[in-house]
A.B. asks: 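Supplied in structure tokens, the structure appears directly below.
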Number of protein chains: 2
Amino acid sequence: MDIDEILDSVSLIHEDPKAILKSYTKEVNFPKGHLLLHAQKCEKSIYFIKKGIVRAYSNTAENEVTFWFGKEGDAVISMKSYIANQPGYENIELLENSCFYEMNNTELQKLYNEHIEIANWGRKFAENELLKTEERLISRQFRTASERYDELLKNHPHLVQRVQLSHIASYLGITQVSLSRIRAAKN
Amino acid sequence: MDIDEILDSVSLIHEDPKAILKSYTKEVNFPKGHLLLHAQKCEKSIYFIKKGIVRAYSNTAENEVTFWFGKEGDAVISMKSYIANQPGYENIELLENSCFYEMNNTELQKLYNEHIEIANWGRKFAENELLKTEERLISRQFRTASERYDELLKNHPHLVQRVQLSHIASYLGITQVSLSRIRAAKN
DNA sequence: AAGAAAATTTTACAAATGTTAAATAATGAG
DNA sequence: CTCATTATTTAACATTTGTAAAATTTTCTT
């Protein structure tokens, strides 16, 4: 997924301000297993996935909890860092060799104050991410683990082959044994 | 909480653009029990709470699930309506006689395209709401019902006296009987 | 203040989910 | 291809949470 498509999918933007945005973007590659963002660290950059799959997880006292999966076109970002300049929740691990568009946070903030179209692009970016986060919250509050498993299969069809079921179980908020029971019941 | 304090708490903004924003704001009052926003309906306005407490809930096939409580300074808003012009999830019920600042969505969108400071104020607004929503999601994913009950007491100390425990239980994602057990264990 | 209604807690039991460990299946290295 | 390693499923049992109903407490009305 190329940069034009990604920027436009956030919000349509004229060529001139888009060219400015793009000039602050650079392409970076990392191998499977690489940690792109680190929990408890204030991250300086945000990323958009050109190619690849990633997962976000946090370590608790007892175990590791996966709370998000990202794919082509998705933003990989610590919102706490981006918005509040504070350490974030997420470790982001690459589930395959991946390619990203990287933007520096400080430079982006500067652009927001200089170009109204870029400011509104940034506004739409936050708004879109907000809708997605709200949808995740609603999903957790209103749907069972089994329903959310179906959702996950639908939104990330290739994921189940590539990710350990223990990660998916923690994403669903259940144990791996429970997930096995859910899967068994679907056959 | 007055309008200046609310607007500034979203993001500091100079007097001129703030005056413009304020000129599009009007004060409205409604009694306890009033439904301010309606699920499955595209809402035309957003509100900020000057005085009062509200709760957001959705009806499922079986029952009613409360998923948010709002207090002074909070935005009462259907994000789906505000951002995507689509019907939202939330019924918003007033838990006491309340006073709001109302802004019309269409007019606000127009201002975003005309004034860069207002565009960036709107960006910060979405970003702040995003952080709050993310915090709610993290809370649900990483904390037990008992811990979330403590959080709720801390964030909304006056709430427990004013809201039925069945609403709080559904907010926590447990039954009222379980909540009673949790409360009993804390004494 | 008394009685009725509503809200909350408690009880007893059922159902669902977690825990631990063993069995089976899948993956990868040599 | 075979063996060793890792991942997943299954089984047995313990614990937690839900359900339904009764008991108690609180709130509201008169």
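Lettering of chains follows the sequences in order, A, B, ..., and the numbering in each one begins at 1. Small disclaimer: the values here were computed from a predicted structure and weren't measured.
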A.B. asks: To the nearest Å, give me how far apart CZ (Arg181(A)) and P (dT8(D)) are.
C.D. replies: 16 Å

A.B. asks: Please give, in whole Å, the distance from dA7(C) P to Arg162(B) CZ?
C.D. replies: 16 Å

A.B. asks: Please report the distance, rounded to the nearest Å, between CD in Gln161(A) and C1' in dT6(D).
C.D. replies: 18 Å

A.B. asks: Please step through ring-ring contact (aromatic ring centres under 6.0 Å, His included) for the pair Phe125(A) and Tyr112(A), ending with a clear verdict.
C.D. replies: CA-CA 12 Å; Phe125(A) 173 60; Tyr112(A) 289 155; 8.6 Å; no

A.B. asks: Whole-Å distance between dT9(C) C1' and Ile174(B) CD1?
C.D. replies: 14 Å

A.B. asks: Is Glu134(B) reaching over with its side chain to a backbone N or O of Met79(A), donor-acceptor style, under 3.5 angstrom?
C.D. replies: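 It does not hold such a pair.
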
A.B. asks: Considering only dT8(C), dT10(D), dT8(D), which nucleotide approaches the side chain of Leu165(B) most closely?
C.D. replies: dT8(C)

A.B. asks: Step by step, work out the salt bridge (Lys or Arg N to Asp or Glu O under 4.0 Å) result for Glu72(A) and Lys51(A).
C.D. replies: CA-CA 5 Å; Glu72(A) 276 82 16; Lys51(A) 181 82 192 56; 3.5 Å; yes

A.B. asks: Using whole Å, report how far CD1 of Ile182(A) lies from C1' of dT8(D).
C.D. replies: 15 Å

A.B. asks: Just N and O in the side chain of Thr175(A): are any of them under 4.0 Å from OP1 or OP2 of dT17(C)?
C.D. replies: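 So the side-chain polar atoms of Thr175(A) never come under 4.0 Å of the phosphate oxygens OP1 or OP2 of dT17(C).
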
A.B. asks: Given 3.5 Å as the limit, does a donor-acceptor pair link the side chain of Tyr47(A) with the main chain of Phe100(A), or not?
C.D. replies: no

A.B. asks: Under 4.0 Å between any heavy atoms, over every strand shown, what does Leu179(A) touch: base, sugar-phosphate, or nothing? Just pick one.
C.D. replies: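 Leu179(A): no heavy atom of the nucleic acid under 4.0 Å.
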
A.B. asks: For a quick check of understanding: with a heavy-atom distance under 4.0 Å over all strands, which category does Arg183(B) fall into, base, sugar-phosphate or nothing?
C.D. replies: sugar-phosphate

A.B. asks: Output the rounded distance in Å from CD (Gln176(A)) to C1' (dT9(D)).
C.D. replies: 9 Å

A.B. asks: How many Å lie between CD on Gln164(B) and C1' on dT8(C), as a whole number?
C.D. replies: 10 Å

A.B. asks: Just checking Ser180(A): base, sugar-phosphate only, or nothing, at a heavy-atom cut-off of under 4.0 Å?
C.D. replies: base

A.B. asks: Within less than 4.0 Å of OP1 or OP2 of dT17(C), is there a side-chain N or O belonging to Ser178(A)?
C.D. replies: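 No, because none of the side-chain N or O atoms of Ser178(A) sits under 4.0 Å from OP1 or OP2 of dT17(C).
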
A.B. asks: Would you mind telling me which of dT20(C), dT11(C), dT17(C) lies closest to the side-chain atoms of Val177(A)?
C.D. replies: dT20(C)

A.B. asks: For Asn63(B) and dG18(D), what is the distance between atoms CG and C1' respectively, to the nearest whole Å?
C.D. replies: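 Atom CG in Asn63(B) sits about 13 Å away from atom C1' in dG18(D).
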
A.B. asks: Angle class for the Phe142(A)/Phe67(B) ring planes (parallel below 30°, perpendicular above 60°, tilted otherwise)?
C.D. replies: perpendicular

